[in-house]
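See below for the structure under consideration.
Sequential numbering from 1 along the given sequence is applied to the chain's residues. Bear in mind that the values here come from a model prediction, so they are computed numbers and not experimental data. Below, all heavy atoms of this structure are taken into account, side chains as well, without hydrogens, waters or symmetry copies. Read the numbers this way: they start at 1 and go in the same order the structure lists the ligands and their atoms.
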Amino acid sequence: MKIEAIDLAYRRYARGYDVYFGNILQPGRRAAIERMDCQPGDAILEVGVGTGLSLPLYPPQTRVYGIDICHEMLARAKARVAREQLGQAAGLYRMDAERMGFADDSFDKVVAMYVVSVAPDPVRLVDEMRRVCKPQGELFIVSHFLHPNPVVSVMEQLAAPFSRFLGFNPNLSLHDFTRQARVEVLERLPVNAFGYWTLLRARNNKQAGGHHGC
Ligand SMILES: C[S@@+](CC[C@H](N)C(=O)[O-])C[C@H]1O[C@@H](n2cnc3c(N)ncnc32)[C@H](O)[C@@H]1O
């Protein structure tokens, strides 16, 4: 999907997003943040923060920065921060995760929840996550990947042409994604209903080089 199409899709979704994708995807958000083992003072970046459903889950002593391309989603995240007085939310910015304005090595941990199957170029997105993460930091990714069951995966592939309307690409293969984006997986856990989504904890292997050569 192109960035304009994503913006448009989530502009439409923003109003009902929490109702449709709040509770059902919350176990995956919770699992990712538990696995992040956030320490006091940690600087954390959440790319594609959406309406900020994850923000209350971060420990209060952390500094969490969130970015999203869709103004309407971000506005809801900002309203949540104000309403729930979430002191851990240090900044929310409208920004393309594939071209971030942050300096190299800015964050201890970088997380993308339900974003890599949405972003136009998941490889570039992961390159950017690596660049802004400190060398000893870790990357966390929660996503749906093409189902290993051939019957289910055929149905997902049939749905791929409708990704613009679904708001995500149901056709992303875990194997292809980790290989192409050079994700060095340390841990892989099934999350949410039926384990249909996957949580990846990955080393920040930025020394191996990337598009940006930092
Ligand atoms: C399925 S929603 C997930 C939102 C949130 N992470 C959650 O857990 O509910 C995907 C979000 O990623 C954002 N997004 C997709 N591609 C992006 C990009 N390249 N840069 C910034 N945000 C992006 C969309 O605008 C949308 O808000």
Under 4.0 Å from any heavy atom of [X], which atoms of ligand 1 are there?
| X | value |
| --- | --- |
| Ile6 | 15 (C), 16 (N), 24 (C), 25 (O) |
| Cys70 | 25 (O) |
| Val49 | 5 (C) |
| Arg29 | 7 (C), 8 (O), 9 (O) |
| Ile3 | 18 (C), 19 (N) |
| Val118 | 15 (C) |
| Ala97 | 18 (C), 19 (N), 20 (N), 21 (C) |

Is there a polar contact, in the sense of an N or O pair closer than 3.5 Å, between [X] and ligand 1?
| X | answer |
| --- | --- |
| Pro120 | no |
| Tyr114 | no |
| Asp68 | yes |
| Ile69 | yes |
| Met73 | no |

Tell me which pairs pass salt bridge (charged side-chain N to carboxylate O under 4.0 Å, His left out) where either residue lies in residues 58-71, with sequence neighbours left out. none

Within the supplied structure, the quantity of interest is the number of heavy atoms (other residues, nucleotides, ligands) at a distance under 6.0 Å from Arg188 CZ; does it exceed 12? no

Just to verify, which of Gln136, Lys206, Lys134 counts as forming a side-chain hydrogen bond (donor to acceptor under 3.5 Å, both in side chains) with Asp105? Lys206

Out of curiosity, is Tyr13 lining ligand 1, as in a heavy atom under 4.0 Å away? no

Between [Y] and [X], does any NZ, NE, NH1 or NH2 come within less than 4.0 Å of an OD or OE carboxylate oxygen?
| X | Y | value |
| --- | --- | --- |
| Asp127 | Arg130 | yes |
| Arg80 | Asp18 | yes |
| Asp37 | Lys109 | no |

Quick one: does ligand 1 sit under 4.0 Å from the side chain of [X], the backbone, both or neither, non-hydrogen atoms only?
| X | value |
| --- | --- |
| Phe21 | neither |
| Met95 | backbone |
| Tyr10 | side chain |

Walk me through it: do Asp7 and Arg11 pass the test salt bridge (charged side-chain N to carboxylate O under 4.0 Å, His left out)? CA-CA 6 Å; Asp7 190 12; Arg11 231 185 287 167; 3.5 Å; yes

Looking at Gly48, Ala9, Ala5, the heavy atom closest to atom 5 (C) of ligand 1 belongs to Gly48

Taking the inter-plane angle between the rings of Tyr65 and Tyr93 on a 0 to 90° scale, is it parallel (under 30°), tilted (30 to 60°) or perpendicular (over 60°)? parallel

What class does the angle between the rings of Phe102 and Phe107 fall in, given that below 30° is parallel, 30 to 60° is tilted and above 60° is perpendicular? perpendicular

Run the ring-centre check on Tyr13 versus Tyr17 and record whether the distance is less than 6.0 Å. no

Got a donor-acceptor contact below 3.5 angstrom from the Glu84 side chain to the Pro56 backbone? no

